[in-house]
A.B. asks: 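First, the structure itself, so that you have it in front of you.
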Amino acid sequence: MSVFLSHLYSMRYVVGVDFLLNPIFFRGFSGSVHLVLLLILFISWVCKKIRTNKNEGQKQCLRITRFSYHKRTMFFCLGLSLFNLVLCLLSHFYWYRNGWSEEKVVTLLDLVIKTLAWLILSVFLHTQFFNSGASKLPVALRVWWGFFFSISCYSLVVDSVYYKKHRTLPVQFWVSDIVCSISGLFFCFVGFLGKKEGENALLQEPLLNGSASNGIESNKSGGGETVTPYSSASFFSVLTFSWMGNLIAAGSKKTLDLEDVPQLASIDSVRSAFPILRNEVESDCESSSKVTTFVLVKALIFTVWKEILLSAFLVLAYTLATYVGPYLIDTFVQYLNGRRGVKNEGYLLVSTFFIAKVVECLAQRHWFFKAQQAGFRARAALVAMIYNKGLTLSCQSKQSHTSGEIINFMTVDAERIGDFGWYMHDPWMVLLQVALALAILYKNLGLASIATFVATVLVMLANFPLGKLQEKFQEELMASKDRRMKSTSEILRNMRILKLQGWEMKFLSKIVELRNTEAGWLRRYVYTTAMTSFVFWVAPTFVSVVTFGACMLMGIPLESGKILSALATFRILQEPIYNLPDTISMIAQTKVSLDRIASFLRLHDLQPDVIQVLPRGTSDTAIEIVDGNFTWDVSSPTSTLKDINLRVSRGMRVAVCGTVGSGKSSLISSILGEMPKISGAIMLSGTKAYVAQSPWIQSGKIEENILFGKEMDRERYEKVLEACSLKKDLEILSFGDQTVIGERGINLSGGQKQRIQIARALYQDADIYLFDDPFSAVDAHTGSHLFKECLLGLLGTKTVVYVTHQVEFLPAADLILVMKNGRISQAGKYEDILNPGSDFMELVGAHKEALLVLDSVETHSGSGKSNISEEVGGIGDAKKVLKDEKTAVGQNGKADDVGGPKGQLVQEEEREKGKVGFSVYWKYITTAYGGALVPFILLAQVLFQLLQIGSNYWMAWATPVSSNVPAPVGGSTLLVVYVALAIGSSFCILSRALLLVTAGYKTATILFNKMHFCLFRAPMSFFDATPSGRILNRASTDQSAVDLNISFQVAAFAFSIIQLLGIIAVMSQVAWQVFIIFIPVIAICIWLQQYYISSARELARLIGVCKAPVIQHFAETISGSTTIRSFDQESRFRDTNMKLIDGYSRPTFHSSGAMEWLCIRLDMLSLITFTSSLVFLISVPEGTIDSSVAGLAVTYGLNLNMLQAWVIWNLCSMENKIISVERILQYTSLPSEPPLVIESNRPEADGHWPSHGEVDIRDLKVRYAPHMPLVLRGLTCTFSGGKKTGIVGRTGSGKSTLIQTLFRIVEPDGGHIFIDDINISLIGLHDLRSRLSIIPQDPTMFEGTIRSNLDPLEEHTDEQIWEALDKCQLGDEVRKKECKLDSAVNENGENWSVGQRQLVCLGRVLLKKSKVLVLDEATASVDTATDNLIQQTLRQHFSDSTVITIAHRITSVLDSDMVLLLDHGLIEEYDTPTKLLENKSSSFARLVAEYSVRSNSSFET
């Protein structure tokens, strides 16, 4: 301050007012004015602190009303601070060299005070408006800005007058005053004309802080509907990625949700990209069967040609800009050595370096962004194309590719093609970079550059064998991954049956075996990658040794400037050479993926012309087939359906019956157009609806399943619910028809799924209805209700074709078709075809035989009839129970309702929030060998870095600066030392590469085994509540990331930090002052990274969460494609798929935008460090520092911006990628089922338990989840050993739940079950399940052979298997097949009928021969004759076993020793059938009477 005062005092003696026109006076005055600003800020801060407590209440409201330009003002202040800092440093270095004066000291102090003042002001504005939410600027500050603007303008006038008078004025005065005047103008505009903004937010803020539901709604409607700011951003905003600012700011304050992420612009949406891709493919191919890889590539290029062209231009600009530095280094070293060409050459060189770096930075950032944009657009279009293909695949094509494989096309292959955007320009960029490098080397080293070219070509040629190996291993890896995913998908679908049979560990070993094959290829692949990595890290060293060796041999003098230029060139050349293996590997992987997708797109679709559709109302005929021959296998010489002739008039009811495997379902498929037609014609008139034999239910609400894309018509909806007997089921469910159904209807009983499926068909109001035996899955009572209300009621005037095994439903038909061996053997009305000896007579005879046991109640049929009308819809005495149940639901269910979606079975996918915990990293790096390899990997990298720097330092020091200076060492010594250091660094790289892939491979293997073991040991409730898409996502995408990426990503972060420290160490050798800049720059970089990372992390998590629905929707579509096509709903499903794809692309697009937002800022900050070091080097007096070492510092500094950004980029990328590990670790800590074996409490060692098979149930209470109501509500009964017990009850009464509890699929909430006096809850699960047998409700077959399906544990001989097949009536069928027991079974047993699958399940229990056998509606899918055979087989072979039967056919339980009737989770009746039938008022008696009436009356109309 004393300097200021003395200077002002001396001014008094200047003649007149001349001192007012002296710029130096204004420097001092300006410094004083800025001190006043600091005082104003301090007073404002104190006042604010005093007022804080008073204004606490208003804070929330004011927070969102800000003056406009608040962010720009803050950044303007920060910019002014940095500007003054740079000006201060430049002045300091300049005057340090040319001498000091009092005026210079005043100017320097003025700049220091300005730097501090503007920095503090920017901090003040940030706290004032971002944290406290103030709505206007302090008056004092606005007045000061006005004064500042006046002073700045006046200073500019003074500069002009002074310059005219003296003809000289330092440049920094001009620059400073111009910048201050422009800034002052901006601040005046902001302070006096800037308006408040954000009034609308006042309406939203209370909602956000009010009720949770309102907050969620406003949030959803706000963020999710706004289009990305990128679509309307200004040029400057696009250039600097400022359009991402709002999202990143939001993410730094709260956890981002999908609603916060804006929608994509229309051009980036799949709706824009997919039509282009489809049209291009179609224009090049006459049919889908001709799609080639070339056609697909060409179409993809056309889809994203704009992005490809723009990114190509940016790559060109980037490549040219990167070589400016190496080109100028020799000139720079010569300048430092005293050789000056032109005036201010130093500043000219610095400016050139600076401009080149700015161009390099901007071009690279926009190139990366555009490449990613092209990638995700291509990926989205491809996924849509794969989805559409999956929707039109023929059944035969579907058999060649399982759903697991098709999902892989979507999750892995399309993803990889999207990632290729990063690499698409590398092939030509490498050639350009090599050409530029050789040009620079030729300028510096002459003909020695030929040696460089030869060495570079040799290194690149080494790529070919490695690239071929990588491609081969990649193909094998993908094929083995497909096989594993296929098996995993099938196992997840059938996990319930695996657990019931106690087979899960056997199937886990199958998955582990498949993984071991995959891991073999993975190991080969990663070790090849390690060798590739080694070769190319060593490449620059090898090239430089060859080049310098050639110089020595040719006698070309080596000077330090030329050497440093060559080294900088080699380092830039390292990037294309280093990236080349990645590029070749990526090209190989992408080609494999393109080939796979093209081969999938070539698969045959359903024949489009199978059905001739007639316009509605043009014909009385609804369905007509003329001389139809159809087959499932086109290559087979025999037809599945032969000589089909059928004519169905409008409004007719047609019944189809026949034995198992006779072609009933195939006939329905042929009418739907699902079955390949060999000859003949099919004509349909009108819309159609289809009900499949195996129910297909979508994940989602029950209401959505029934509406199935139609608008809600409440009256029709209620009628349909009533007709399908669904109202009572909905009353029991906590959320009614808003209940979310688990995947494949997992939380519904078989009957409920079937009735929802029937309701879906009824609601469509179609003209033609096709029912494929839907009544088998429901109980007798519900079946009769459905037939009466649906087929005879709502569909009374419609055309209906129904397959049925229930003979009693046949007389109501206008036409009955009897199928045998794929032919219609008889057709006509019931009485017309009832001929002795005919196939139809056999079926009716079997049915009558089954009814003989009802003789005892036939006399009471009259009274039974009179009761039917009032009993339909419920079992008599259950009304009171139902009333109680409603009360219970009121207490249990509705209480959950208050809590919102918490009570639903299927919860939102769990995602971690906030920072990825250090524990995740720690677990990852210590998984393999306890982390023992990590220190050695780091040590190898540190040694490599030291040896690299050492070799370059040696070359800079040991060569002369120019030809007239003697060399410090001889040529041979120079080269020998350099080669020795190069060999040492090569050895370090080899060690590092091998250790890294060893640790990464071991970690991936351990994590895979842990996750899968925990998955297979998880309770069934986990699979019920978790869609398989989520699990498959972890097993495929996340596991792929752990296998191939994450180890390299974590290592890259550690290695880049080591490299950065090395560069800073070298630069500080010559210019320690650079730390003055470097430390604040690094601090700002870290702050930016912290500010950005919370948004980036959540966006990465959202990408994972948004991917699962795409997979799940696709998996559901593949399994339900027949139903979707039959309802003509393909367009709606395609639309949903596109919405889900865009939902996945949204966070992907903004995640890449956020990354570039950060990188461009980091690049600019590191540029400040580099430019400052250059300015210092040209400012110091000549000879102060060694020019060679200074040149070395610049050589390294050229990489500083790239490396500084690379460190932060690697940190962020690692955080994003490590989420895959976090997701896998989530599944390594799943709750486990009780132990499989409890050694201390095993049943009898000789394996004879249970010897009697007595099942004693005591006060059993069961619920499916803690937040759900009780399903069984206190059951007590005993099933005697060796006796047969039938369990009956309405759908949803708890029959299947009781069986699940017996097998401990569900653990009791209270009570116990004892088998032969052993409490089953106290023994191991495997001991229990392996000693019980079950034929489940849904017949399940696994892909494999007949043998592996009957005896997966390989415990039985072929003779025993044949014996079992004969007993279950399948022996002859299997003997007909060429491969006998090794005959193929497709995924889900698709090439076997449902009835045959059920017989295979019977074969399994005949092989196992347990003392306790459970039949869970086991004969639902077979005709009456086969049912009788099964019952006979069971009576014969399980005469001394306890048989527990759940059956919908009353005849199946009538010969039981005891009958248990359940209703709403309570025992209503339990006695012998005889006693129950004697009591005419018993519910069972009424049920039997009704069945008898139904069977005899036969619903004739």
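The first residue in the sequence is number 1, and the count goes up from there. Predicted model only: the values in this text are computed from it and were never measured.
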A.B. asks: Any carboxylate oxygen within less than 4.0 angstrom of a Lys/Arg side-chain nitrogen, looking at E1156 and R365?
C.D. replies: yes

A.B. asks: Which heavy-atom pair separates V1207 from S1056 by the least distance, and what is that distance?
C.D. replies: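 Smallest heavy-atom distance, with atoms named: CG2-O, 3.5 Å.
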
A.B. asks: So do the side chains of V315 and W428 get within less than 4.5 Å of each other, counting heavy atoms only?
C.D. replies: yes

A.B. asks: I'd like to check W1157 versus L1088 (side-chain heavy atoms, cut-off strictly below 4.5 Å). Are they in contact?
C.D. replies: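 Of all side-chain heavy-atom pairs linking L1088 with W1157, at least one is under 4.5 Å.
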
A.B. asks: Where do M531 and L990 land on the side chain to side chain contact (heavy atoms under 4.5 Å, CB included) test, with the steps shown first?
C.D. replies: CA-CA 8 Å; M531 290 313 297; L990 180 62; 4.3 Å; yes

A.B. asks: Which atom names give the shortest non-hydrogen contact between S985 and L947, and what distance separates them?
C.D. replies: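 Result for this residue pair: N-CD1, 3.5 Å.
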
A.B. asks: Is it the case that the side chains of Q470 and T529 hold a donor-acceptor pair, with the cut-off being a distance below 3.5 Å and no angle test?
C.D. replies: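 Their side chains do contain a donor-acceptor pair, which is all the 3.5 Å distance test asks for.
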
A.B. asks: On a heavy-atom basis, which atom in L239 and which in L362 lie closest, and how many Å separate them?
C.D. replies: O-CD2, 4.0 Å

A.B. asks: Closer than 3.5 angstrom, by distance alone: can the side chain of T1171 be matched with the main-chain N or O of I1168 as a donor-acceptor pair?
C.D. replies: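 The answer is no, because no donor-acceptor pair under 3.5 Å joins these two groups.
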
A.B. asks: Can you find a pair of side-chain heavy atoms, one from R992 and one from F534, that are under 4.5 Å apart?
C.D. replies: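 R992 does not reach F534 side chain to side chain.
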
A.B. asks: Between T973 and W954, what is the shortest heavy-atom contact and its length?
C.D. replies: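 Scanning both residues completely, I find the closest heavy atoms to be O-CZ2, 3.9 Å.
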
A.B. asks: Is it true that F241 and F369 have ring centroids separated by less than 6.0 Å?
C.D. replies: yes

A.B. asks: I'd like to know if the side chain of Y323 and the backbone of Q433 have a donor-acceptor N/O pair within less than 3.5 Å.
C.D. replies: yes

A.B. asks: Could you measure the distance from the CE atom of M244 to the CG atom of L1158? Nearest 0.5 Å is fine.
C.D. replies: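 One finds 11.0 Å between CE of M244 and CG of L1158.
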
A.B. asks: Between R379 and D419, is there a side-chain heavy-atom distance shorter than 4.5 Å?
C.D. replies: no

A.B. asks: If you take all heavy atoms of W367 and L314, which pair is closest and at what distance?
C.D. replies: N-CD1, 3.5 Å

A.B. asks: In sequence, state the C-alpha distance, the side-chain angles, and the governing distance for Y318 and V359, and then conclude on side chain to side chain contact (heavy atoms under 4.5 Å, CB included).
C.D. replies: CA-CA 7 Å; Y318 165 76; V359 171; over 6 Å; no

A.B. asks: Counting heavy atoms not belonging to F302, are there more than 12 under 6.0 Å from its CZ?
C.D. replies: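 No.
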
A.B. asks: Between Y442 and T452, is any pair of side-chain heavy atoms under 4.5 Å apart?
C.D. replies: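 SC-SC contact between Y442 and T452 ruled out.
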
A.B. asks: Once you round to the nearest 0.5 Å, how far does CZ of F376 lie from OG of S1152?
C.D. replies: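 OG of S1152 is found 6.5 Å from CZ of F376.
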
A.B. asks: Does some side-chain heavy atom of R416 sit less than 4.5 Å from a side-chain heavy atom of Q474?
C.D. replies: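 Yes, at least one pair of side-chain atoms sits under 4.5 Å.
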
A.B. asks: Side chains of I937 and F1055, heavy atoms from C-beta outward: is any pair under 4.5 Å?
C.D. replies: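 In short, these two side chains touch, coming nearer than 4.5 Å.
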
A.B. asks: Side chain to side chain contact (heavy atoms under 4.5 Å, CB included) between I450 and L447: does it pass, once the steps are laid out?
C.D. replies: CA-CA 6 Å; I450 296 170; L447 290 175; 3.7 Å; yes

A.B. asks: Closest heavy-atom contact between A448 and A550?
C.D. replies: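 Taking A448 first and A550 second, the nearest heavy atoms are CB-CB, 4.3 Å.
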
A.B. asks: Carefully, step by step, assess H366 and V238 under the rule side chain to side chain contact (heavy atoms under 4.5 Å, CB included).
C.D. replies: CA-CA 9 Å; H366 284 276; V238 169; 4.3 Å; yes

A.B. asks: For the OG atom of S311 and the CG atom of L316, what is their distance to the nearest 0.5 Å?
C.D. replies: 11.5 Å

A.B. asks: Quick check for you: to the nearest 0.5 Å, what is the distance between Q373 atom CD and L310 atom CG?
C.D. replies: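 Separation between the atoms: 9.0 Å.
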
A.B. asks: Could you tell me whether the side chain of F1053 reaches within less than 4.5 Å of the side chain of Q1049, counting heavy atoms only?
C.D. replies: no

A.B. asks: Would you check if there is a donor-acceptor pair between the side chains of S237 and Y230 at a distance under 3.5 Å?
C.D. replies: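 Judged by distance alone, the side chains do not pair up.
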
A.B. asks: Nearest 0.5 angstrom please: I1160 CD1 to M1155 CE, how far?
C.D. replies: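 It is 13.5 Å, given to the nearest 0.5 Å.
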
A.B. asks: Can you measure from CG (L943) to CD1 (I1058) and round to the nearest 0.5 angstrom?
C.D. replies: 10.0 Å

